[in-house]
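Structure first, then comments.
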Amino acid sequence: MARKQNNKPMDKLVSLCKRRGFIFQSSEIYGGITSCWDYGPLGVELKRNIKNIWWHDIVTSRANIVGMDSSILMHPKVWEASGHVECFHDPLIDCKNCKYRFREDKAVHSFKCSSCPFNFKINNGKIEVNNEFEKHFGGDLFAGEPETYKNSDCPNCGEVGTVKLERLNCPKCGSPELSPPRQFNLMFKTHFGASEESAAEVYLRPETAQGIFVNFDNIVTTARAKLPFGIGQIGKAFRNEIVTGNFIFRSREFEQMELEFFVKSEESAKWYKYWVNERFDWYKRLGVRSDYLRLRQHEKEELAHYAKSCTDIEYRFPFGWSELEGIADRQTFDLDQHIKASGKKLSYFDSMSNNHIVPGVIESSAGVDRTMLTILTDAYWEDDEHDRVVLRLIPKVAPIKVVVLPLVNRDGMPEIARAIFDDLRKHMAAFYDQGGSIGRRYRRQDEAGTPFGITVDSQTLEDGTVTLRDRDSLEQIRIPKDNAVKVLQEKLAL
RNA sequence: GCGGGUGUAGCUUAGUGGUAAAGCUCUGGCCUUCCAAGCCAGUGACGAGGGUUCAAUUCCCUUCACCCGCUCCA
C-alpha cells in the first residue's frame, strides 16, 4: 500500500503487476505480510512458462539429465551434514553505536582477576596484555576461544577460577553499548507431531540441492546413470532472511531451479565452464537484453570453503546489479559430507577403471522468482510515441499468446471472433475481449505482454481474412481466419 | 536488526474533529469500421488496533506493510 513513490525505480513495475494481475501482496486484506507475494492469473502463467522452459532445456531435452522432486521437510541430520545448522546457529551482537553486527566471539573480551589487578583483553584472536603481566603468557601471545578464559585460574596471583569476563566491546568502534547476543539462524523451524514439546524439531529446506544429494544413490541405481550426468529439481525453499525487499527479489519463501551435474573430478573445470556459458545463454534466450546481463566470478576470498570456483549471473536491476544464479564447482564436498554423516556409501562405480569414485559436482542454482523479476523488468517499456506501456515478453514466456477482438460489437463480428477464439484456445493461451474501443483493448493486452492480436473487421465478413497485429511494431497483416492456429503456432515456435 | 520516508478507491490526487471529493481505470448500456474518442448509469477507499473526545480518516500511542539507506546474504 505504499504510495506517492513514483520516483522510485521499481514502483511502476510493482503497480503494473498488481493492476494486471501478475503479482499481489500476500494476505493483503490483513495488511500484508513481509516479503511474501502471491502470483495472480497472469503471474502464474508467466512463472509456469519459465519453469517449463527450464525443465525442458535442462532436464527433458538432455539425455544425461534426469529430474526429481524431493520433500521440503527432511531429516534434521541433512542440515547438520550440509553445514546449514552449524554455520548459522551462532548468536550475533549488534553494536548500538556503529551498528556493526558480529559474532559474540569476535567481540573484544576484557578479562580481570577478581582478587588481584591482573587483566587482559582478547581482540581479534590475540591477547593484549599490560607489560607487567606479559611474562605470564610467555612470548606467545596467541589466544584461544575467549570462552576458555572464563573462570580460569589467575596466572598472576594463582587463585583458582578468579579470572572473570569484565565486559565486551565492539571490535570495530570499541563501544561497550551492545545488544545481547541473538540467534539468527536462517532456517525456518517447525515440529513433527501435534504437540511442540514432545515433537522432533525439523526445518523447512533452505535450498533444494540437498534433496538431490541425499538421493544420489537412489538415482544412480534406478536411472542407470553414467558420468557425467545431472539431476535437476524445481521447488520451494525457505530462508529466514534478515533483510528482505526489492519486491520479489529477496523473499523468505522462494522457488529454486537447481541442477547438480556430477562429473569426474578431473573434468570438473571443463564442465564448470560449460555450465557457466550454457546458463548465461539461457537468460539471453529468454529475451533478456544481453548488455543487462553479466558474469561475475567470485574472488578467492569470497569463495565458500568447499567451492573451487563460483560464478554469479547478474542482472542490472533498477536497484543495481544483483545475482540471479550461482554456478559453482563444489567438488566432492556435498557427497563427502553425507558419506561422513550417514555412514552410507554414496559413490559411483566407474567400470573403466574398476573403481568406486565420489564424483565432483557442478551446481547451477537459479531463482524462479528472480528470473521472473528479471524478465518483467527487462520487458517493461514505456512507448511514449504511442502513449502506452508494453511488456515486451518473448512469445514463449508471455502469459497470453494471442487476443481475439471483434472490431465492433455488431454485424456478426463478435460471433466470428468468438469462434476463432474457441479454436485457438485449444492450442495456446488465448484471450477474448469485446469491451470498449479497439484501441483500449489493444492497450490492455500490451500491458499484459500479449504478443499477438487477431481482429475481426468488416473485410472478414467479405473475404474471411482477419488482421494479425504485432505488439511491438504495431504492424498488421491479413491472414485467412482459418489459418490463424497454424500461423500463430509457427510464430510461437520461433 | 538499525536509521529515514510513506500509507484516503485499481491508479493519481483532494479534503475534514461531525464517517469523504475528483480525474483516469474498471463494470453494464448506447454509439463506434483499427490503436486509451464520445454519451448514460454503476461498483469502489481513509492499512490495523488502542487512547483522548459527545464524536477520530483527521490529534496521541502502538502495530502492520511498502520504499530508500545501512547491515546481512551458506
Side-chain angles (χ1 to χ4, degrees), chain A residues 1-12 14-21 24-37 79 82-88 92-102 172 179 182-187 206-207 209-210 237 239-247 249-250 302-307 310 312 318-320 322-323 326 328 330 333-334 363 365 383 385-390 405-411 413 435-447 453 455-461 466-467 469 471 474-476:
Chain A
M1 294 299 282
R3 305 170 63 86
K4 294 178 182 171
Q5 288 164 5
N6 269 338
N7 52 336
K8 300 300 191 303
M10 294 299 290
D11 202 55
K12 285 180 177 174
V14 175
S15 182
L16 179 133
C17 283
K18 182 172 186 189
R19 188 165 72 239
R20 289 297 165 205
F24 309 118
Q25 185 163 31
S26 169
S27 317
E28 196 183 12
I29 62 168
Y30 290 104
I33 181 163
T34 308
S35 95
C36 295
W37 303 92
W79 309 112
S82 69
H84 286 86
V85 174
E86 192 188 358
C87 277
F88 294 100
L92 297 176
I93 292 174
D94 288 308
C95 173
K96 290 176 181 170
N97 178 47
C98 72
K99 313 299 179 196
Y100 183 61
R101 175 175 291 158
F102 49 92
K172 204 170 172 184
S179 75
R182 283 175 296 203
Q183 287 286 348
F184 285 97
N185 193 315
L186 293 192
M187 283 197 290
E207 62 174 33
Q210 297 305 323
R239 296 182 195 178
N240 231 333
E241 297 284 356
I242 298 160
V243 178
T244 57
N246 286 329
F247 198 27
F249 183 80
R250 173 169 286 119
E302 197 183 351
L303 286 173
H305 61 280
Y306 49 78
C310 184
D312 287 344
F319 48 81
S322 300
E323 179 190 347
R330 298 172 66 97
F333 174 80
D334 302 279
E363 174 179 277
S365 177
D383 180 3
E385 191 190 338
H386 300 99
D387 190 28
R388 59 178 188 152
V389 172
V390 186
L405 312 165
L407 185 59
V408 291
N409 288 317
R410 56 177 168 76
D411 300 339
M413 291 183 203
S437 73
I438 189 72
R440 192 197 306 274
R441 283 176 280 162
Y442 282 144
R443 292 294 184 280
R444 278 198 282 251
Q445 292 306 311
D446 289 341
E447 282 200 342
T455 304
V456 172
D457 59 12
S458 56
Q459 195 176 330
T460 310
L461 307 174
V466 293
T467 64
R469 171 191 188 256
R471 176 197 64 206
L474 297 177
E475 278 167 13
Q476 287 178 299

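First the proteins, then the strands, lettered A, B, ... as listed; each starts at 1. Since the structure is predicted, the reported quantities are computational estimates derived from the model, not experimental observations.
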Specify the residue among A:Asn246 and A:Thr34 whose closest nucleotide of RNA chain B lies further upstream toward the 5′ end. A:Thr34
Rounded to whole Å, the CZ-P distance (A:Phe249 to B:C67) equals 13 Å
Which nucleotide sits closest to the side chain of A:His84: B:G10, B:A74, B:C66? B:A74
Protein proximity profile, nucleotides 30-39 of chain B - base contact B, sugar-phosphate-only contact S, no contact -, cut-off 4.0 Å on heavy atoms: --BBBBBS--
Can you tell me the distance, in whole Å, between the CG atom of A:Leu16 and the P atom of B:U12? 12 Å
Between B:A9 and B:G15, how many Å separate the two C1' atoms, rounded to a whole number? 15 Å
To the nearest Å, give me how far apart NZ (A:Lys18) and P (B:C66) are. 13 Å
Listed partners of A:Arg388 passing side chain to side chain donor-acceptor pair (under 3.5 Å), at least two apart: A:Asp383, A:Asp446
Return yes if some donor-acceptor pair links the side-chain N/O of A:Asp457 with the main-chain N/O of A:Gln459 below 3.5 Å, else return no. yes
What distance, rounded to whole Å, do you find between the two P atoms, one in B:U57 and one in B:G18? 11 Å
Between B:C31 and B:C40, how many Å separate the two C1' atoms, rounded to a whole number? 11 Å
Grab the two heavy atoms, one from A:Gly436 and one from A:Arg441, that are nearest each other, plus how far apart they are. O-NE, 3.0 Å
For B:G47 versus B:C11, give the span between their P atoms, rounded off to a whole number of Å. 13 Å
Show the nearest heavy-atom pair for residues A:Pro206 and A:His84, with the distance to one decimal. CG-CD2, 3.7 Å
How is A:Ser365 classified with respect to the nucleic acid when contacts are heavy atoms under 4.0 Å: base, sugar-phosphate, or nothing? nothing
Look through every strand shown and name the nucleotide pairing with B:C66 as Watson-Crick or G-U wobble, where both distances are under 3.5 Å. B:G5
Side-chain N or O of A:Asn240 less than 4.0 angstrom from OP1 or OP2 on B:C73? no
Which residue lies toward the 5' end of RNA chain B, A:Trp37 or A:Arg250, if each is placed at its nearest nucleotide? A:Trp37
What is the nucleic acid contact for A:Phe247, judged by heavy atoms within less than 4.0 Å: base, sugar-phosphate only, or nothing? sugar-phosphate
In terms of heavy-atom contacts, A:Ser27 and A:Ile33 come closest through OG-CG2, 3.9 Å
Determine which nucleotide pairs with B:G42, using a 3.5 Å limit on both distances of a Watson-Crick or G-U wobble pair. B:C26
Minimum heavy-atom separation for A:Trp79 and A:Glu207, please, with both atom names. CH2-O, 3.8 Å
Under a 3.5 Å limit for both distances, which nucleotide forms a Watson-Crick or G-U wobble pair with B:U58, could you say? none
Between A:Ile29 (CD1) and B:A45 (C1'), how many Å, whole number? 15 Å
Distance between the C1' atoms of B:A14 and B:A20, in whole angstroms? 10 Å
Which base sits across from B:U53 as a Watson-Crick or G-U pair, both distances under 3.5 Å? none
For B:A37 versus B:C30, give the span between their C1' atoms, rounded off to a whole number of Å. 14 Å
To the nearest angstrom, the CD-C1' distance between A:Gln25 and B:G10 comes to 15 Å
Among A:Phe24, A:Phe319, A:Trp37, the one residue meeting ring pair (Phe, Tyr, Trp, His ring centres under 6.0 Å) with A:Phe247: A:Trp37
As its Watson-Crick or G-U partner within any shown strand, both distances under 3.5 Å, B:A14 has none
So, is A:Ser15 near the phosphate of B:G10, with a side-chain N or O under 4.0 Å from OP1 or OP2? no
Quote, to the nearest angstrom, the C1' distance that separates B:U52 from B:C26. 40 Å
Quick one: look up who B:U33 pairs with, Watson-Crick or G-U, both distances under 3.5 Å, and put none if it's unpaired. none
Would you name the heavy atoms of A:Met413 and A:Ser458 that are closest together and state the gap between them? CE-N, 3.6 Å
State, to 0.1 Å, how close A:Phe249 and A:Ser322 come at their nearest heavy-atom pair, and which atoms those are. CZ-CB, 3.3 Å
Roughly, in whole Å, what's the span from CD in A:Glu28 to C1' in B:A45? 13 Å
In whole Å, what separates the P atom of B:G5 from that of B:C59? 16 Å
